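Bear in mind the structure is a predicted one, so any value in this text is a computation, not a measurement. Just so you know, ligand 1 is whichever comes first in the structure, and atom 1 is the first atom listed for that ligand.
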Amino acid sequence: MSIKNTTSNLNKISPFLCFDRDQWSELRKSVPLKLTEQDLKPLLSFNEELSLDEVSTIYLPLARLLNYYIDENLRRQTVLHRFLGVQKPKVPYIISIAGSVAVGKSTSARILQSLLAQWPHTRKVDLITTDGFLYPLATLKERNILHKKGFPISYDTPQLIQFMADLKSGKPQLQVPIYSHLTYDILPNQFNIIDQPDIFILEGLNVLQTGNNHPNQIFVSDFVDFSIYVDAEEPLLKEWYIRRFLKFRKGAFTDPNSYFKHYAELSEQEAIETASHIWDSINGLNLHENILPTRERANLILTKGKDHSVEQVKLRK
Ligand SMILES: Nc1ncnc2c1ncn2[C@@H]1O[C@H](COP(=O)(O)OP(=O)(O)O)[C@@H](O)[C@H]1O
Ligand SMILES: CC(C)(COP(=O)(O)O)[C@@H](O)C(=O)NCCC(=O)O
């Protein structure tokens with residue numbers, strides 16, 4: 001059998017439909033009639049490196065797809081309530097975004113939040129990151145697991161699952177702890193309030209993880225309606241991590257409250273070596289052991305190439 005035939009047979013049995021950048025951007029279809037460049041420009045303020053082309057080529061078709069799923073989900077809820085003969089509280093549609101440290105999860109989440117909040121109707125879209133469910137720094141130190149930050153043992157997963165269960169049962173006024181990248185710690189007595197949004201986006205390394213496979217165990221993904229994994233080759237991830245570290249060294253690390261204030265004094269070369277060591281010993285290791293193995297469970301995989309541009313989209317059939 002020729003290589004070409006083998007590849008096309010493999011595509012047939014894959015659970016994903018595969019699109020390159022051009023094929024995916026075609027699926028934007030009617031969106032431009034509703035959203036003009038003027039509407040999209042404010043999105044660029046999240047990130048000075050983000051391009052308008054990336055938003056319209058990749059994120060507009062994705063917003064279009066999600067809107068179809070959301071409408072369908074609302075219809076199903078109405079049918080269920082009619083069947084049960086009850087009035088249940090409003091339950092948000094939940095989207096999760098997984099991927100390595102520094103792949104751009106927060107940036108993708110903020111783009112989607114903004115698009116879904118304004119098109120095709122005005123909707124309340126809340127976003128949180130699972131960082132808020134990390135154990136406080138003192139606990140990580142006490143348990144001697146500071147070098148495992150971001151690994152499954154560093155999160156209070158039962159608290160995260162309880163939050164997801166409350167959210168999915170329509171509870172109002174939920175409190176979510178806040179993590180600060182500046183202090184490298186949970187902010188004491190500070191919370192985000194999540195109050196019955198229409199759509200909820202949960203972003204974090206761990207959102208597709210399934211723990212140690214106990215029977216009857218409940219996972220974060222049990223509460224999620226649509227999951228996205230943002231992917232890139234490790235050399236790119238490491239490069240983006242180091243670049244972000246260097247950016248922080250000039251900005252956030254110079255703040256006297258920064259946990260990393262001593263890094264502000266490093267020379268550029270020393271800073272690169274430090275970031276590279278943190279990557280190899282913590283974030284890269286976590287990627288291989290705990291994050292990458294969850295990729296194929298996602299409903300959609302966005303694969304980025306250099307400059308963060310998405311080169312391939314895989315959508316679960
Ligand atoms: N689409 C994008 N275009 C350009 N730069 C991006 C994009 N997404 C992320 N970045 C940059 O990559 C780095 C990591 O992004 P971030 O969203 O903080 O990642 P994560 O939340 O996955 O750790 C940041 O420096 C950010 O500015
Ligand atoms: C808080 C995190 C686990 C989550 O990362 P994120 O994907 O939000 O950037 C990570 O930023 C982190 O602190 N990792 C530990 C090693 C490090 O200092 O990068």
Side-chain angles (χ1 to χ4, degrees), residues 21 40 43-59 62 96-115 127-137 140-141 145-156 160 177-187 201-209 228-232 236-253 258-260 263 271 274-287 290-291 302-311:
R21 197 175 164 85
L40 295 178
L43 295 188
L44 303 187
S45 64
F46 299 155
N47 186 329
E48 72 270 21
E49 291 153 86
L50 181 67
S51 74
L52 206 52
D53 176 58
E54 192 64 11
V55 174
S56 65
T57 305
I58 302 299
Y59 293 92
L62 181 52
S96 70
I97 305 189
S100 164
V101 170
V103 72
K105 298 181 298 300
S106 343
T107 307
S108 303
R110 293 183 70 187
I111 300 169
L112 277 182
Q113 178 185 29
S114 184
L115 290 178
L127 161 64
I128 66 149
T129 120
T130 59
D131 297 355
F133 294 92
L134 280 163
Y135 288 114
L137 193 57
L140 297 177
K141 283 182 175 164
I145 52 169
L146 191 50
H147 60 296
K148 293 287 174 202
K149 191 155 171 221
F151 285 59
I153 44 166
S154 65
Y155 291 95
D156 187 345
L160 171 59
I178 303 174
Y179 174 78
S180 157
H181 281 276
L182 189 72
T183 61
Y184 210 56
D185 200 357
I186 300 296
L187 296 173
I201 304 176
L202 179 71
E203 171 259 297
L205 322 165
N206 52 346
V207 292
L208 284 165
Q209 287 169 2
I228 300 171
Y229 186 100
V230 188
D231 195 23
L236 287 176
L237 295 169
K238 185 169 173 178
E239 181 192 313
W240 297 337
Y241 179 76
I242 295 175
R243 208 188 298 161
R244 188 174 65 180
F245 190 93
L246 293 176
K247 209 158 60 179
F248 283 163
R249 174 174 150 266
K250 293 222 177 87
F253 293 169
S258 169
Y259 181 75
F260 285 132
Y263 287 160
T274 304
S276 174
H277 175 71
I278 299 176
W279 179 270
D280 292 338
S281 56
I282 307 182
N283 297 321
L285 205 63
N286 195 14
L287 171 66
N290 303 303
I291 306 168
L302 295 175
T303 308
K304 288 180 167 184
K306 76 180 173 46
D307 301 331
H308 286 272
S309 72
V310 171
E311 291 178 343

Exercise for review: Can you pull out the closest protein heavy atom to atom 4 (C) of ligand 2? Residue, atom name and distance to 0.1 Å, please.
Suggested key: Asp131 OD1, 3.7 Å
Check your understanding: What is the nearest protein non-hydrogen atom to atom 19 (O) of ligand 1, stated with its residue, atom name and distance?
Key -> Gly104 N, 3.1 Å
Point to revise | Element-labelled atoms of ligand 2 that are located less than 4.0 Å from some non-hydrogen atom of Lys105 | key: 7 (O)
Exercise for review: Classify the side-chain pair Ser108/Tyr59 by whether it contains a donor and acceptor separated by less than 3.5 Å.
Suggested key: yes
Review point. What atoms of ligand 2 come within less than 4.0 Å of a heavy atom belonging to Tyr241?
Key: 17 (C), 18 (O), 19 (O)
Exercise for review: Looking only at protein heavy atoms, identify the closest one to atom 3 (N) of ligand 1 and say how far it is in Å.
Suggested key: His308 CB, 3.5 Å
**Study point:** Nearest-neighbour protein heavy atom for atom 18 (O) of ligand 1, which is reported as residue plus atom name and distance
**Key:** Arg244 NH1, 2.8 Å
Review point. Does Ser100 come within less than 4.0 angstrom of ligand 1, counting non-hydrogen atoms of the residue?
Key: yes
Review point. Near Lys247, which atoms of ligand 1 are under 4.0 Å from a heavy atom of that residue?
Key: 25 (O), 27 (O)
Point to revise | Nearest neighbour in protein (non-hydrogen) for atom 17 (O) of ligand 1 | key: Thr107 OG1, 2.7 Å
Point to revise | Under 3.5 Å: N/O of Val101 near N/O of ligand 1 | key: no
Review point. For atom 1 (N) of ligand 1, what's the nearest protein heavy atom and its distance?
Key: Leu50 CD1, 3.4 Å
Review point. Is any heavy atom of the protein nearer than 4.0 Å to atom 2 (C) of ligand 2?
Key: no
Practice item. Please confirm whether Tyr184 comes under 4.0 Å of ligand 2, counting heavy atoms of the residue only. Key: yes
Check your understanding: Just which atoms of ligand 1 are under 4.0 Å from any heavy atom in Glu49?
Key -> 3 (N), 4 (C), 5 (N), 27 (O)
Check your understanding: Between Leu137 and Leu146, is any pair of side-chain heavy atoms under 4.5 Å apart?
Key -> yes
Review point. Less than 3.5 Å between some nitrogen or oxygen of Tyr59 and one of ligand 1, yes or no?
Key: no
**Study point:** Polar contact flag for Glu203 and ligand 2 (N/O pairs, less than 3.5 Å)
**Key:** no
Review point. In terms of residue, atom name and distance, what is the protein heavy atom nearest to atom 11 (O) of ligand 2?
Key: His181 CE1, 3.7 Å
Review point. Looking at atom 26 (C) of ligand 1, what's its closest protein heavy atom, distance included?
Key: Asn47 ND2, 3.4 Å
Check your understanding: Is the closest N or O pair between Lys105 and ligand 1 shorter than 3.5 Å?
Key -> yes
Review point. Looking only at protein heavy atoms, which one is nearest to atom 12 (C) of ligand 2, and how far off is it?
Key: Asn283 OD1, 4.3 Å
**Study point:** Numbered atoms of ligand 1 (with element) below 4.0 Å of Lys304, judged on heavy atoms
**Key:** 8 (N)
Exercise for review: Around atom 14 (C) of ligand 1, find the nearest protein heavy atom and jot down its residue, atom name and distance.
Suggested key: Ala102 O, 3.5 Å
Point to revise | For Arg244, the ligand 2 atoms whose distance to one of its heavy atoms is below 4.0 Å | key: 9 (O)
Review point. To which protein heavy atom is atom 5 (O) of ligand 2 closest, and what is the distance rounded to 0.1 Å?
Key: Val101 CG2, 3.8 Å
Point to revise | Atoms in ligand 2 flagged as close to Gly150, the criterion being non-hydrogen separation under 4.0 Å | key: 3 (C)
Review point. For atom 21 (O) of ligand 1, which protein heavy atom lies nearest, and how many Å away is it?
Key: Ser106 OG, 2.4 Å
